[in-house]
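What follows is a short report on a single structure.
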Amino acid sequence: MSIAVRLTEVRGRIAAAARSAGRDPSSVRLVAVSKTFPTRAIAEAYAAGQRDFGENRVQEALQKISASTDLEIRWHLLGHLQTNKARKAGPAFAVIQSVDSVELIEKLEAAAAEAGRSPELLIQVDLAGEATKHGAPPAEVPRLFQAAAACRAARVVGLMTLPPVPDTPEDSRRWFRQLRGLRDGWLSSGVPAAMLRELSMGMSGDFEVAVQEGATMVRVGTAIFGSRNG
Ligand SMILES: *Cc1c(COP(=O)(O)O)cnc(C)c1O
């Protein structure tokens, strides 16, 4: 199956999941996760109308970004960003979904101001406390909102989470619900709604459940581009 056909299929599944939850399908943005795939695959998805692309590794992303400057792509950084790389890498992305410390927000804000950019930042929330994963524990997130309130160039616009790998899509539901519940709690405790507009959750194995639970962005790789190991 071609990338274009698989994209159409994924878009259809997102729309059906949205309707099943009484949501407007256009309220869910599809981020095509192109990590490990060549720029040729990105161009193919672009030709099929895809505009948001996500990458995990900074080096790989920067190479693909400079190889596709002729395309009007919104690049999302999904993987961990070291604070010492924020200045160089930060301004290359329209959206950075992996923000997990006050220091990183401050570095990204300084880099954005210097570069005359206004990237969107998502706070990555670590729900399961897995040692191998990044993200801020929920108890630390209010400090990140405080740091975000001082930003003038970069804008925190929501939350992202990467739950434990599920055996079945339903396994992820509790984590998606938990992120939405945290969002609702922070909203009622006075965090500005503009900082909590987006919920980035759901991947190839569980994006329909994520849409049912309120995702505004789903990050889908293998269901669009095929398997990464073969
Ligand atoms: C790789 C990756 C995805 C996409 O995973 P698939 O299972 O291929 O859809 C989504 N989010 C993050 C943070 C990733 O690293």
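These numbers come from a predicted model, not from an experiment.
In this structure, Arg74 is not positioned above the aromatic face of Phe53 in the sense of NZ or CZ being under 6.0 Å from the six-membered ring centre and within 45° of the axis.
A donor-acceptor distance shorter than 3.5 angstrom exists from the side chain of Ser101 to the backbone of Leu104, with no hydrogens or angles considered.
Leu81 and Val31 are not part of a single hydrophobic cluster, where members link through side-chain heavy atoms under 4.5 Å apart. In terms of hydrophobic clustering, with Ile, Leu, Val, Met, Phe, Trp and Tyr side chains grouped at heavy-atom distances under 4.5 Å, Trp175 and Val28 are assigned to a common cluster.
Side-chain contact, Gln212 with Arg173: a donor N or O sits under 3.5 Å from an acceptor N or O. Counting only N and O atoms by type, the side chains of Ser200 and Arg219 include a donor and acceptor under 3.5 Å apart. A donor atom on one side chain and an acceptor atom on the other are not found under 3.5 Å apart for Ser227 and Thr222. Using modelled atom types and a 3.5 Å distance limit, the side chains of Asp126 and His134 yield no donor-acceptor pair.
If you run side chain to side chain contact (heavy atoms under 4.5 Å, CB included) between Val218 and each of Leu30, Asp206, Leu199, only Leu30 comes through.
Among residues two or more places apart in sequence or in another chain, the salt bridge (Lys or Arg N to Asp or Glu O under 4.0 Å) test is passed with Lys64 by Glu55, Glu60.
Atom-to-atom distance recorded for Met160:CE and Asp100:CG is 9.5 Å, nearest 0.5 angstrom. Put simply, OG on Ser172 and CG on Leu179 are 12.5 Å apart, with the number rounded to the nearest 0.5 Å. To the nearest 0.5 Å, atoms CG (Asn84) and NZ (Lys107) are separated by 8.0 Å. In this structure, the separation between CZ on Arg19 and CD1 on Ile14 is 11.5 Å, given to the nearest 0.5 Å. Annotation: the span from Ile96 atom CD1 to Leu108 atom CG amounts to 4.5 Å, rounded to 0.5 Å. Thr216 contributes atom OG1, which lies 7.5 Å from atom CZ of Arg29 (distance to the nearest 0.5 angstrom).
Residues Phe37 and Ile42 have side chains not in contact (no heavy-atom distance under 4.5 Å, counting atoms from C-beta outward). Within the 4.5 Å cutoff, side-chain heavy atoms of Trp75 are placed close to those of Ser68.
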Query - Audit row: Arg40, Glu44, salt bridge (charged side-chain N to carboxylate O under 4.0 Å, His left out) steps and yes/no - result: CA-CA 6 Å; Arg40 161 168 45 80; Glu44 204 178 321; over 6 Å; no

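Of the charged side-chain nitrogens involved, at least one lies within less than 4.0 Å of a carboxylate oxygen, so that Glu130 and Lys133 count as a salt-bridged pair.
Atom CZ of Arg11 has more than 12 neighbouring heavy atoms from other residues, nucleotides or ligands inside a 6.0 Å radius.
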